[in-house]
Every structure is written in structure tokens, then in C-alpha cells.
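Quick notes on the structure that follows.
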Amino acid sequence: MTAICVTGPKFRQTQWVSFIGGEGVVRSYTLGAGSWTYLIEMTLGPEPNFGRVGAETTVMLNEADLRAA
């Protein structure tokens with residue numbers, strides 16, 4: 001039998017993080033297959049003159065792809 005030891009998440013909800021391609025806020029995180037996956041809500045750029053069409057962009061990233069901002 002093999003034991004897998006997983007530490008707690010490195011980032012918490014509402015924490016600002018950066019990654020290749022942008023930055024954002026951690027909205028949630030889950031443990032899957034021995035690593036943490038984070039749902040990141042990206043920051044918005046300037047509002048275009050025709051207004052916003054939808055909600056903010058969110059991306060799912062692995063813990064290794066994130067850095068504290």
C-alpha cells in the first residue's frame with residue numbers, strides 16, 4: 001500500500017495571485033489527483049466604449065502555475 005501525503009493549499013480565497021498571462025483573485029480551490037487546482041477570477045481591463053458583454057473571465061490553474069502578487 002502506498003501513502004500519499006498532501007499539504008494544505010498554498011493560496012487562500014480572495015488572495016491576489018499572478019501567473020503567465022495575467023493576475024487575479026482566488027475564488028475557490030479543490031484537491032484532485034494529489035495537487036491543488038484554483039479557480040482564478042482575472043482582473044478586468046478598461047471598459048470598452050460599447051460596454052461589458054458578460055461576467056469577468058475565470059481560469060482554472062494548478063498551484064505550480066501561480067505566484068503570490
Side-chain angles (χ1 to χ4, degrees):
M1 178 181 249
T2 303
I4 297 174
C5 182
V6 177
T7 60
K10 185 176 179 181
F11 305 102
R12 302 287 178 199
Q13 287 184 335
T14 71
Q15 182 176 354
W16 279 94
V17 293
S18 63
F19 49 93
I20 294 176
E23 61 181 16
V25 177
V26 175
R27 291 299 174 204
S28 65
Y29 49 88
T30 57
L31 179 61
S35 65
W36 292 98
T37 302
Y38 295 81
L39 184 65
I40 309 298
E41 184 179 286
M42 294 179 67
T43 57
L44 294 174
E47 185 169 348
N49 57 3
F50 52 84
R52 298 250 185 250
V53 175
E56 292 79 6
T57 300
T58 55
V59 292
M60 291 192 78
L61 296 170
N62 290 324
E63 188 170 79
D65 298 326
L66 300 173
R67 303 283 179 259

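Just so you know, these numbers use all the heavy atoms, side chains as well, and skip hydrogens, waters and symmetry mates.
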So L66 and I40, do their side chains get closer than 4.5 Å, heavy atoms only?
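Contact flag for I40/L66 side chains = yes.
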State, with a plain yes or no, whether a side-chain heavy atom of Y38 is found less than 4.5 Å away from one of K10.
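Yes; the side chains approach each other to less than 4.5 Å.
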Shortest non-hydrogen contact from F11 toward A68:
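F11 and A68 have their closest heavy atoms at CE2-N, 3.7 Å.
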List the atom of M60, the atom of T37, and the distance in Å for their closest heavy-atom pair.
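In terms of heavy atoms, the two residues are closest at CE-CG2, 3.6 Å.
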Is there a path from [X] to [Y] through hydrophobic residues (I, L, V, M, F, W, Y) whose side chains come within less than 4.5 Å of each other?
X: F19; Y: L39; value: no
X: V59; Y: Y29; value: yes
X: M42; Y: L61; value: yes

To the nearest 0.5 Å, what is the distance between CZ (R67) and CD1 (I20)?
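Result: 8.5 Å between the selected atoms.
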Are the side chain of Q13 and the backbone N or O of R27 linked by a donor-acceptor pair below 3.5 Å?
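Side chain of Q13 to backbone of R27: a pair is present.
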